[in-house]
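Written below as structure tokens is the structure these notes are about.
First listed ligand is number 1; within each ligand, the first listed atom is number 1.
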Amino acid sequence: MSTSGVRLGIGYDSHRFAPGGPLILAGIRIPFDYSLVGHSDGDAVAHALTDAVLGAAAVGDIGEMFPDDDPTNRGANSMEMLRAAVKRVHDAGWRVVNADVAVVSETPRIAPHRDAMRASLAEALGVGVNAVMVKGKRNERMGWIGRGEGLAVLAAVTLASTTER
Ligand code: MG
């Protein structure tokens, strides 16, 4: 395959914590005393990955595809948003090769939920679980993440062309 048939995308998202769990990340309900505030379910992993997928194919972004002033997106299941983005990318002639995600948060620990999150994301992306990695990073008590005000997510995705380019 020529390099014109490979694309890289990045995504970033952050959400504020509010009292009352559970925390939903990658569609997985994580027992925690806080949840993420958002117009949708606040799933920052799904949001960052949605932007990475759309960005790699240069076919839009999450804000354009799911405007937060659209009431139909209120309380939306963000994994469905990710699936819709993957479908848009498929329709544009791309398939997901792999995804890599970093969750930056002081708490909770991500490691115990890693494999469930990987499996959930792999299903939505249409790839095997071995093509998806998730890791947690603390922010060493620095700044708003360190104070536990919320969390941030970084995501990277590669796509391969399904058509001649
Ligand atoms: Mg978001």
Side-chain angles (χ1 to χ4, degrees), residues 7-90 92 94 96 98-110 113-114 116-127 132-139 142-159:
R7 291 286 189 84
L8 169 68
I10 64 166
Y12 169 85
D13 197 28
S14 60
H15 281 258
R16 183 182 296 273
F17 286 136
L23 180 62
I24 298 176
L25 289 176
I28 302 301
R29 296 167 69 89
I30 297 173
F32 193 49
D33 292 337
Y34 295 87
S35 56
L36 293 172
V37 178
H39 186 76
S40 63
D41 58 15
D43 188 337
V45 169
H47 296 173
L49 212 37
T50 296
D51 259 346
V53 166
L54 293 172
V59 291
D61 62 51
I62 191 170
E64 163 270 318
M65 197 168 179
F66 304 100
D68 60 12
D69 58 2
D70 180 344
T72 62
N73 295 325
R74 183 170 293 280
N77 178 336
S78 298
M79 292 300 287
E80 292 300 328
M81 296 160 69
L82 176 57
R83 288 187 188 92
V86 170
K87 181 178 187 311
R88 181 186 277 196
V89 163
H90 282 173
W94 300 94
V96 176
N98 80 302
D100 194 12
V101 174
V103 180
V104 189
S105 185
E106 220 57 37
T107 55
R109 290 187 66 237
I110 296 302
H113 312 285
R114 183 217 293 267
M117 293 169 67
R118 292 175 67 202
S120 174
L121 295 175
E123 185 274 324
L125 296 170
V127 299
V132 180
M133 187 46 83
V134 175
K135 67 276 238 169
K137 298 293 292 184
R138 290 199 188 86
N139 214 43
M142 295 182 289
W144 62 268
I145 294 174
R147 291 191 296 272
E149 295 175 15
L151 60 72
V153 177
L154 303 163
V157 166
T158 54
L159 305 179

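In this structure, the side chains of F32 and S105 stay at 4.5 Å or more apart for every pair of heavy atoms.
A donor-acceptor pair shorter than 3.5 Å cannot be found between the side chains of H39 and D68.
Distances from the Mg ion (ligand 1) under 2.8 Å pick out these protein N/O/S atoms: D13 OD2, H15 NE2, H47 ND1.
When the side chain to side chain donor-acceptor pair (under 3.5 Å) test is applied to R147, the partners found at least two apart in sequence or on another chain are E149.
Contact detail for A57 and V89: the closest heavy-atom pair is CB-CG2, 3.9 Å. Taking every heavy atom of both residues into account, I30 and H113 meet most closely at CG2-NE2, 3.4 Å.
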Report task. Step by step, work out the side chain to side chain contact (heavy atoms under 4.5 Å, CB included) result for L25 and L36. Result -> CA-CA 9 Å; L25 289 176; L36 293 172; 3.9 Å; yes
